[in-house]
Amino acid sequence: MSTLAIDHLIQGFDRALRVVNGQARARRGNPAQGIDEASMSDEEKTHSAGLMRVNHVGEICAQALYDAQGAFTKTDDIRQQFQHSGIEEEDHLAWTAGRLKELNSHTSLLNPLWYAGAYAVGMLAAKSGDKLSLGFVVETERQVEAHLASHMDKLPAQDARSRAIVEQMRVDEIAHGAAAQSLGASELPAPVKAGMKFMAKIMTASAYYI
């Protein structure tokens with residue numbers, strides 16, 4: 001193994017540790033800044049925390065996917081887009097982690113598993129070729145956008161801080177999908193889309209509690 005390959009491996013491992021251990025750094029201001037904390041019952045706080053934990057896990061997976069897809073593509077324009085999207089997803093990661101602290105809750109105990117699994121999926125997508133890898137991004141972002149829109153209905157009406165974060169995340173996910181589409185994404189086969197939805201359901205059901 002070359003020195004460059006070893007350096008990339010070490011950098012990737014270091015990044016994975018920082019992501020899993022909650023050391024994300026937001027480059028943009030938090031959308032909830034300036035919004036007062038609402039009065040909520042313990043049940044409402046627990047529900048908001050469960051939803052934000054699911055969103056945090058989604059961002060753990062997004063970091064792993066973009067890291068893997070960027071590492072294994074051979075096209076500079078695509079790598080740069082994955083890096084740009086990954087930076088914005090890191091904002092999401094930091095925002096959701098911060099919101100969980102405000103709600104006196106915790107991130108998922110299964111974060112290392114989520115990261116490892118998503119990285120493997122991202123690597124397989126990249127190895128399938130740029131068009132399919134981009135198509136995977138488009139479909140992922142489409143499903144995530146729908147998932148975030150559903151959270152706007154599920155969050156307590158008075159939880160404006162969580163709502164502001166989720167809404168900005170939704171806007172960003174739409175933009176990431178559009179960027180991948182513009183780079184020449186291919187449509188994924190229906191069975192692959194169905195499999196992605198099934199795995200997402202397992203993840204969301206687990207992350208809400210654990």
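Computation of the quantities below employed the complete heavy-atom set of this structure, encompassing side-chain atoms and omitting hydrogens, waters and symmetry-equivalent molecules.
Atom CG of D153 has more than 12 neighbouring heavy atoms from other residues, nucleotides or ligands inside a 6.0 Å radius. For K45, the NZ atom counts as loosely surrounded, since its 6.0 Å shell holds 12 or fewer non-hydrogen atoms of other residues, nucleotides or ligands.
Ring geometry for F82 versus Y66: interplanar angle of 30 to 60°, hence tilted. Note: Y208 and H47 have tilted aromatic rings, judged against thresholds of 30 and 60 degrees for the angle between ring planes. Relative ring orientation between Y119 and Y115 is described as parallel, the plane-to-plane angle staying below 30° on a 0-90° scale split at 30° and 60°.
Distance check, rounded to the nearest 0.5 Å: CG of L183 to CD1 of I78 gives 6.0 Å. Between the CG atom in N30 and the CZ atom in R161 there is a gap of 6.5 Å [rounded to 0.5 Å]. Interatomic distance, OG of S85 versus CD of E173, reported as 8.5 Å (0.5 Å rounding). Remark: I60 CD1 to L65 CG distance equals 11.5 Å, nearest 0.5 Å. A distance of 11.5 Å separates CG of L109 from OG of S206, quoted to the nearest 0.5 Å. Note: L93 CG to N55 CG = 11.0 Å, rounded to the nearest 0.5 Å.
For the pair R142 and E139, the salt-bridge criterion is met [side-chain N within less than 4.0 Å of a carboxylate O]. Between D172 and R28 there is a salt bridge, since at least one side-chain N of the basic residue sits less than 4.0 Å from a carboxylate O of the acidic one.
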For this session: Would you check, one step at a time, whether the test side-chain contact (heavy atoms from CB on, under 4.5 Å) holds for M40 with S48?
Result: CA-CA 10 Å; M40 292 189 288; S48 283; 4.1 Å; yes

For this session: Please test E88 against R27 for salt bridge (charged side-chain N to carboxylate O under 4.0 Å, His left out), starting from the C-alpha separation and ending with a verdict.
Result: CA-CA 8 Å; E88 293 193 337; R27 290 164 175 80; over 6 Å; no

For this session: Could you check R99 against D159 for salt bridge (charged side-chain N to carboxylate O under 4.0 Å, His left out), going step by step and ending with a plain yes or no?
Result: CA-CA 11 Å; R99 185 60 183 144; D159 189 1; 2.7 Å; yes

Exercise. Please walk me through it: do L100 and H106 pass side-chain contact (heavy atoms from CB on, under 4.5 Å)?
Worked result: CA-CA 6 Å; L100 282 168; H106 60 87; over 6 Å; no

Exercise. Can you list the steps and then say if H176 with Q81 is a side-chain hydrogen bond (donor to acceptor under 3.5 Å, both in side chains)?
Worked result: CA-CA 9 Å; H176 297 165; Q81 179 55 46; 5.9 Å; no

Problem set entry | E59 vs M169, side-chain contact (heavy atoms from CB on, under 4.5 Å): CA-CA, chis, key distance, verdict | CA-CA 10 Å; E59 298 307 324; M169 289 169 62; 3.2 Å; yes

For this session: Start with the C-alpha distance between R53 and S105, add both sets of side-chain angles, then the distance that settles side-chain hydrogen bond (donor to acceptor under 3.5 Å, both in side chains), and finish with yes or no.
Result: CA-CA 9 Å; R53 183 161 42 253; S105 193; 2.8 Å; yes

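Looking at R170, its side chain never comes within 3.5 Å of a backbone N or O of A149 through a donor-acceptor pair. Under the 3.5 Å distance criterion, the side-chain polar atoms of R25 are left unmatched by any main-chain donor or acceptor of A94. A side-chain donor-acceptor contact under 3.5 Å links Q63 to the backbone of G86. A distance-only check finds a donor-acceptor pair linking the side chain of S108 to the backbone of L110 [under 3.5 Å]. Of the possible donor and acceptor atoms, none in the side chain of Q181 sits under 3.5 Å from a partner among the backbone N and O of V138. Although no hydrogens or angles enter the test, the distance criterion places no donor-acceptor pair under 3.5 Å between the side chain of Q80 and the main chain of D77. Under a 3.5 Å cut-off, the side chain of T96 and the backbone N or O of M52 do not form any donor-acceptor pair.
Here the shortest heavy-atom pairing between P31 and Q168 reads CG-CB, 3.7 Å. Looking at every heavy atom in both residues, A68 comes nearest to A126 through O-CB, 4.4 Å. The minimum heavy-atom distance between R163 and P156, with the atom names listed, is NE-O, 3.3 Å. Across all their heavy atoms, L188 and K193 have their closest contact at O-CE, 3.4 Å. Listed here is the closest heavy atom pair of I35 and A164: CD1-CB, 3.6 Å. Counting all heavy atoms, side chain and backbone alike, T75 lies closest to T73 at N-OG1, 3.3 Å.
Hydrophobic cluster membership is shared by W95 and V54, with clusters built from Ile, Leu, Val, Met, Phe, Trp and Tyr side chains linked at under 4.5 angstrom. No single ILVMFWY cluster, assembled from side-chain heavy atoms under 4.5 Å apart, contains both F72 and L124. M199 and M123 sit in two unconnected hydrophobic clusters of ILVMFWY residues. Membership requires side-chain heavy atoms under 4.5 Å apart, directly or through other members. No path of Ile, Leu, Val, Met, Phe, Trp and Tyr side chains, each step under 4.5 Å between heavy atoms, connects F136 with L134, placing them in separate hydrophobic clusters. At a threshold of 4.5 Å between side-chain heavy atoms, the hydrophobic network of Ile, Leu, Val, Met, Phe, Trp and Tyr places V171 and L148 in two separate groups.
The closest side-chain heavy-atom distance from H151 to H147 is below 4.5 Å.
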